[in-house]
Amino acid sequence: MDLSSINPVFLIASLMVAATPILLAAIGEMVVEKAGVLNLGVEGMMITGAVCGFIIAVETGSPALGFVCAALGGAVLSLLFGVLTQYLMSNQVATGLGLTLFGLGLSALMGQGYVGIKAPPVPRLDLPVLSDLPVVGPILFSHDAMVYLSVALVAAVWAVLKYSRAGLILRAVGENHDAAHALGYKVIRIRLLAIMFGGACAGLGGAYLSLIRVPQWTEGMTAGAGWIALAIVVFASWKAGRVLLGAYLFGGITVLQLNLQAAGVAIPVEYLSMSPYLITILVLVIMSADRSRAALNAPGSLGRVFHATS
Amino acid sequence: MTELLAVEGLTKAYPGVVANDGVSFRVAAGEVHALLGENGAGKSTLVKMIYGLVKPDSGAMRLHGAAFEPAEPRSARAAGVAMVFQHFSLFDALDVAENIALGMESPPPMSQLAQRIRDVSDTYGLPLDPDRVVGDLSAGERQRVEIIRCLLQNPKLLIMDEPTSVLTPQEVEILFETLRKLSAEGTAILYISHKLEEIRSLCDAATILRGGEVVATCDPRAQTAAELAEMMVGSKLTPPSRAPHDQGAVVLDVAGLTLPSATPFGTSLRDISFQVHAGEVLGIGGVAGNGQDELLSALSGEARTDAGTVRLSGTPIGQLGPNARRRIAVLAAPEERLGHAAAPDMSLTENALLTGAIRQGLTARGFLNWPAARGFAEDIISRFDVRTPGPGTAARALSGGNLQKFVIGREVLQRPDLLVVNQPTWGVDAAAAAAIRQALLDLAARGTAIVVISQDLDELMEISDRFAALNEGRLSSPRPMRGLGMEEIGLLMGGAHDMEVAHADA
């Protein structure tokens, strides 16, 4: 075993790439949960986004168009969840689980003719001078545009939730939907918009996997990333900055265990592959240990059915 | 005086019930107009139509002489109608300024809004810090948030839905000062209540609703409270009575009970000590959210404490859970009927079984004795006059008053040595409330020690032997109810929670 073969600079650079899909999905899901809706279908929306983005990118040769269609695909699938849970009052947990299974099946069907094809390459942003800086260059200035977009999205979500009236109304709807309704806010419409935003983000995250990180299409390629995104929202206690932290932490462990495997650490590979998920569970337990503090941050109406009766 | 609001023949029907049937009344500018009626008389539906939350089936409204048909609260607010809700429409996790901004059409930037909140709260003597999180505020302070939210929009008509049910008597006085000041400035106030004395001291006119119809319009100051009550209820009420009795042995002895809160916005109990004797009713008053739920859970066994802090006839029981306490005849009926005292979607038989299984012997070797459970449920239904098709009905399908009679009756019929009830007549009509109070007094007359936790001071004055008040998780030492004045009770409940009377000249 040779730990010196692990280069910290490349480790950090590649953890950002590894974390981007779950970061995108998690920031979207956080907005959905801030509006008081628990959508467990993140995995299904991600993989639908992955296959939509891959097909469009292959057919048109334009990865950018692929990403746009991935976001659309995720949003359309989430709209199905939205109509079922918001208008037809179906149970959010069961519908979300159904959405995941449906998305996995649908994506496998859509992607049948696309297994084994390579996606058109996505150019890295090569910033003159900046990219050539030592250490900082490879870490910060030599990624593809989506990495920067995902970080910008986190900042935008943070600012909108904290400073804008739209963000205040969204938080109010998630905190107490009956009170928001009494004040005349359109609870269902606001929630539908949030659900679609979450779907679009999950779709982008999926497409990042199929177009950049892998980059090809295989069935079930999200491999639980959507579930990790859900866990990260809880880990982050519904705060945008901590979503970034959580996603990069998870990405870091994923990349580190790959590097350790390559370096030939004398632990069975299976243990290393398990480790990011085990650590996620551990962190969740530690975060939730103080019951009253965990409940303090959760949106008050999270997962509750809203009946607009009176 | 000029007419501000005219309501003509408003009708609203829901499946199975006509909430409002041809309701008409008029409110003049600057008038304090009472809407008086029992729970279920249609007061809330009526004001929701005025506020644009509910669309009337027929009828018309005029504001300032022009047709007024608010499609949503937004347009009602734009026309100068503001409303303070009965169950506060506030967001616990947001701060005061954010809550107020949510209730305004076009709020100024947050920094200016905070200044305006301070200005209005100074003018009307309602101190409020814009930066505090609403979940940490007392009930009286939360109401101030709602009122200031309304005042910032310079309303012409302010609707207040049962505003005093969560206030101490001192806070009620201060609220009335604020309302009188508003009325003097020309704002009309539509004041909903079933508290007769309040209406007599505050209001210029009253419209009395019963079963969704207007039964009378009168000047409340020219009527006695008994006359108003008769118009509201439709028949004479007999107050509960009890036979004189001697004080028995100590049944419940609570000493130094301290219990940290289990939820983020709950109240921790601090060093609570009291005794209850056999045949005695101890009334525990206090504004909502001062530890009532926590005290009930500590006495029922839902929250366990050190064994010695709760004793039954000398035996430590603090460590026992609810079923172990039922076995030794310690029973409880919590406040929330649907979800805590009863499982909403289960039948009355099943609900009777849930708490009665142990003391009524409704199970044998792990199997349920359905005939016996049905018999127990039928017994409760007939002895407590629960109006329902039968014991197979789901708890959810009963009206509030009937379900409350069932829930209280279920515990009373199990012959408790100690019964703890929280808000036994909350949201219950006057006749059912009188029946429940009488049942509690009859039970005490047979030697049961009873703890009644309630926010309704009139109720506590009617049935308690001794009175203590909960304030921020602390309990005052119990005092004999007889001879205790409203003023003293209010001070025990925490007084005015640092409010000041509206500056009369400001």
Side-chain angles (χ1 to χ4, degrees), chain A residues 30 33-36 89 91 159-191 234 236-240 287-310, chain B residues 12 14-15 19 44-45 47-49 51-55 70-78 82-95 97-110 113 133-136 142 145-146 149-150 161 260-266 268:
Chain A
M30 191 196 86
E33 293 191 14
K34 271 282 181 193
M89 306 289 168
N91 180 293
V160 166
L161 283 179
K162 192 165 166 67
Y163 294 113
S164 79
R165 180 155 174 87
L168 177 62
I169 293 171
L170 182 94
R171 283 188 287 144
V173 165
E175 176 60 27
N176 184 344
H177 49 215
D178 294 319
H181 175 70
L183 290 176
Y185 293 108
K186 304 261 184 288
V187 174
I188 290 177
R189 189 185 301 167
I190 291 163
R191 286 192 167 163
V234 180
S237 42
W238 295 271
K239 291 190 170 76
M287 293 289 299
S288 321
D290 187 345
R291 197 158 50 114
S292 57
R293 257 193 46 227
L296 186 64
N297 291 316
S301 295
L302 183 58
R304 277 172 42 212
V305 176
F306 170 68
H307 291 281
T309 45
S310 53
Chain B
K12 176 74 193 176
Y14 290 111
S44 288
T45 307
V47 293
K48 277 178 183 164
M49 289 193 281
Y51 192 57
L53 272 172
V54 173
K55 219 176 148 44
E72 52 178 3
R74 197 176 301 244
S75 43
R77 285 200 292 264
M83 178 158 167
V84 174
F85 291 89
Q86 178 182 14
H87 304 295
F88 298 128
S89 60
L90 294 179
F91 306 92
D92 280 349
L94 306 184
D95 68 30
E98 287 175 329
N99 265 285
I100 289 176
L102 280 166
M104 297 175 72
E105 278 324 305
S106 44
M110 279 299 173
L113 182 63
V133 174
V134 163
D136 296 332
R142 301 172 63 120
V145 180
E146 291 243 13
R149 175 155 80 187
C150 292
D161 193 354
S261 167
T263 54
F265 296 119
S268 300

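For clarity, every value in this text was computed on a predicted model and none was experimentally measured. Quick note on labels: first sequence line is chain A, next is B, and so on, each numbered from 1.
Residues passing the side-chain contact (heavy atoms from CB on, under 4.5 Å) test with A/Val160, sequence neighbours excluded: A/Ser164. Every residue meeting the salt bridge (charged side-chain N to carboxylate O under 4.0 Å, His left out) condition with A/Asp178, not counting sequence neighbours, appears here in chain and number order: A/Arg304.
A/Arg171 places no side-chain N or O within donor-acceptor distance of the main-chain N or O of B/Ala93, the cut-off being under 3.5 Å. Checking side-chain atoms of A/Arg165 against main-chain N and O of B/Pro107 turns up no donor-acceptor pair under 3.5 Å. Formation of a donor-acceptor pair under 3.5 Å by the A/Asn176 side chain with backbone atoms of B/Leu90 is found in this model.
For the residue pair B/Phe91 and A/Ala172, the shortest heavy atom distance occurs at CE2-O, 3.2 Å. Closest of all the heavy-atom pairs between A/Leu168 and B/Met110 is CD2-CE, 4.2 Å. For the pair A/Tyr185 and B/Met104, the tightest heavy-atom approach, listed with the atom from each and the gap, is OH-O, 4.4 Å. Residues A/Gly184 and B/Pro73 share a closest heavy-atom pair of CA-CG, 3.7 Å. Nearest heavy-atom pair, B/Ser89 versus A/Ala182, reported as atom, atom and distance to 0.1 Å: CB-CB, 4.3 Å.
Using a 4.5 Å cut-off between heavy atoms, B/Asn99 makes no contact with chain A at all. Heavy atoms of B/Glu98 lying under 4.5 Å from chain A belong to its backbone as well as its side chain. For a residue to count as touching a neighbouring chain, one of its non-hydrogen atoms must lie under 4.5 Å from one of that chain's; by this rule B/Ala101 touches chain A with backbone and side chain alike. For chain A, the nearby parts of B/Leu102 are the backbone and the side chain; heavy atoms of each come within less than 4.5 Å.
For the pair A/Glu175 and B/Val134, the minimum side-chain heavy-atom distance is 4.5 Å or more.
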